[in-house]
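Comments concern the structure below.
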Amino acid sequence: MTERATVDMWFDPLCPWAWITSRWLLEVEKVRPLDIRFNVMSLSVLNEGRELPEQYRELMSKGWGPVRVCIAAAETAGPEVLRDLYTALGTRIHLQKYELDEALFREALTEVGLDPELAAAAHTDARDEALRASHNAGMKPVGTDVGTPVIHAPGPNPDEKVAFFGPVITPAPKGEAAGRLWDGVVLVAGTPGFYEIKRSREIGPIFD
């Protein structure tokens, strides 16, 4: 890949694996000719109607707040604001272990120069149609039997994108190591009929 490409990633701020993948992609931007565009999916939408353990069901109930705030921010300031807002939210959620409450949302919104009153979006379904549209745009091409991270990578033909769940990695590679992993993603995305490489996870997320 020599021409500059746009790569879309779909994230839910709750997901630690998506957070690590997003940090890897930002590293890839530094060493490969691509731009990362961030989009919102929702684990709460994905898991609607499913039988879930009680603890995870409670998390999915809380999970509506962050994605609703992200959609409100994107509608207010444009989708490009999601890059910085995701960083502000994810840093607090995954690294600083904030509670998923309005104080978190207001602080993150303020950091990226947005009106902290947008935090009120967490408590209303007024933008859920837009949330579902963003979610579906990311998830339908890859299937609903996966979660996040989801990326839409350059495919075998010009203007063709291939949707993948993953890569699921820990910790996020840095520098040229990040670039080499991206080269592998491009290679498999350009292989017609390629679907999956997978192994069992033996360690949890490492936020390095």
Side-chain angles (χ1 to χ4, degrees), residues 5-30 34-47 59-139 147-152 163 165-169 171-172 174 178 205 207-208:
T6 298
V7 176
D8 284 282
M9 178 193 171
W10 272 261
F11 70 90
D12 184 315
L14 288 185
C15 179
W17 299 105
W19 172 252
I20 294 172
T21 297
S22 72
R23 301 309 97 178
W24 160 67
L25 286 170
L26 292 176
E27 283 289 311
V28 176
E29 271 191 337
K30 302 174 185 177
L34 56 85
D35 299 306
I36 308 304
R37 186 164 56 194
F38 290 97
N39 307 268
V40 184
M41 64 84 67
S42 169
L43 291 169
S44 299
V45 170
L46 185 69
N47 285 288
L59 181 62
M60 292 301 94
S61 178
K62 294 179 180 179
W64 289 98
V67 290
R68 284 170 170 169
V69 170
C70 285
I71 292 295
E75 289 187 350
T76 300
E80 61 277 1
V81 78
L82 291 174
R83 169 187 289 250
D84 291 339
L85 182 58
Y86 182 27
T87 292
L89 289 168
T91 297
R92 288 166 173 81
I93 293 169
H94 302 297
L95 305 185
Q96 299 172 355
K97 307 301 181 184
Y98 275 50
E99 292 294 324
L100 295 173
D101 57 20
E102 189 159 334
L104 160 66
F105 306 143
R106 294 178 69 89
E107 192 173 304
L109 288 162
T110 299
E111 180 179 311
V112 300
L114 295 178
D115 184 353
E117 294 302 318
L118 288 172
H123 310 299
T124 173
D125 62 2
R127 294 180 174 87
D128 282 4
E129 183 176 348
L131 170 61
R132 293 176 190 278
S134 179
H135 174 90
N136 290 333
M139 299 305 295
T148 181
V150 163
I151 62 173
H152 291 193
F165 166 67
V168 176
I169 46 177
K174 304 292 194 298
F207 305 117
D208 184 7

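Counting begins at 1 with the first residue of the sequence.
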**Q.** Exercise: identify the closest heavy-atom pair between L89 and P13
**A.** CD1-CG, 4.3 Å
(Q) Can you give me the closest heavy-atom contact between V112 and A88, atom names plus distance? (A) CG1-CB, 4.2 Å
Q. Sequence neighbours excluded, which residues qualify as side-chain hydrogen bond (donor to acceptor under 3.5 Å, both in side chains) partners of T87?
A. R23
(Q) Is the shortest side-chain heavy-atom distance between L25 and I151 below 4.5 Å? (A) yes
Q) With A103, which residues qualify under side-chain contact (heavy atoms from CB on, under 4.5 Å), at least two apart? A) D101
Q | ring-ring contact (aromatic ring centres under 6.0 Å, His included) contacts touching residues 71-127 (sequence neighbours left out) | A | F11-Y86, W19-Y86, W19-H94, F38-Y86, H94-F207
(Q) For a quick test of reading the model, state the closest non-hydrogen atom pair linking G147 to L46 and the distance between them. (A) CA-CD2, 3.8 Å
Q.
Regarding R132 and E129, does a basic nitrogen lie under 4.0 Å from an acidic carboxylate oxygen?
A. no
(Q) Is it the case that atom CD in Q96 sees more than 12 heavy atoms from other parts of the structure closer than 6.0 Å? (A) yes
Q: Please name the pair of heavy atoms, one in G63 and one in L14, separated by the smallest distance, quoted to 0.1 Å.
A: CA-CD1, 3.5 Å
Q.
Test of understanding: with salt bridge (Lys or Arg N to Asp or Glu O under 4.0 Å), list the residues that count as partners of D128, not counting sequence neighbours.
A. R68
**Q.** Stepwise side-chain contact (heavy atoms from CB on, under 4.5 Å) test for M9 and V150
**A.** CA-CA 6 Å; M9 178 193 171; V150 163; over 6 Å; no
(Q) If the condition is side-chain hydrogen bond (donor to acceptor under 3.5 Å, both in side chains), which residues does E117 pass it with, not counting sequence neighbours? (A) R106
**Q.** Nearest-0.5 Å distance, CG of residue L131 to CD1 of residue I71
**A.** 5.0 Å
**Q.** Under the salt bridge (Lys or Arg N to Asp or Glu O under 4.0 Å) test, residues paired with E107 that sit two or more places apart
**A.** R92
Q.
Which residues pass the salt bridge (Lys or Arg N to Asp or Glu O under 4.0 Å) test with D115, not counting sequence neighbours?
A. none
Q: Quick one: list whatever passes side-chain hydrogen bond (donor to acceptor under 3.5 Å, both in side chains) with K62, sequence neighbours left out.
A: none
Q.
Less than 4.5 Å apart, side chain to side chain, heavy atoms only: is that true for I20 and P171?
A. no
Q. How about W64 and D125: do any of their side-chain heavy atoms sit closer than 4.5 Å?
A. no
Q. Is the shortest heavy-atom distance from the side chain of P79 to the side chain of R37 under 4.5 Å?
A. no
Q.
Show the nearest heavy-atom pair for residues V81 and A73, with the distance to one decimal.
A. CG1-O, 3.7 Å
Q.
Can you list everything that forms a side-chain hydrogen bond (donor to acceptor under 3.5 Å, both in side chains) with N136? Sequence neighbours excluded, please.
A. none
Q. CD1 of I36 to CD of E27: how many Å apart, nearest 0.5 Å?
A. 11.5 Å
Q.
Can you confirm whether V7 sits close enough to V28 that some side-chain heavy atom of one is under 4.5 Å from a side-chain heavy atom of the other?
A. no
Q: Can you see which heavy atom on L109 is nearest to which on A119, and at what distance?
A: CD1-N, 3.4 Å
Q: For residues L82 and C70, determine if any side-chain heavy atom of one lies less than 4.5 Å from a side-chain heavy atom of the other.
A: yes
Q: For H152, check ring-ring contact (aromatic ring centres under 6.0 Å, His included) against everything at least two apart and list the hits.
A: W10
Q. With distance as the sole test, does T21 use its side chain to make a donor-acceptor pair with the main-chain N or O of P167 at under 3.5 Å?
A. yes
Q. Which is it for V67 and S44 under the side-chain contact (heavy atoms from CB on, under 4.5 Å) test, yes or no, and what are the steps along the way?
A. CA-CA 9 Å; V67 290; S44 299; 5.7 Å; no
Q. Residues in side-chain contact (heavy atoms from CB on, under 4.5 Å) with A72, at least two apart?
A. L118, A121, R127
**Q.** With sequence neighbours excluded, residues passing side-chain contact (heavy atoms from CB on, under 4.5 Å) with N47
**A.** L43, R50, L52, Y56, M60
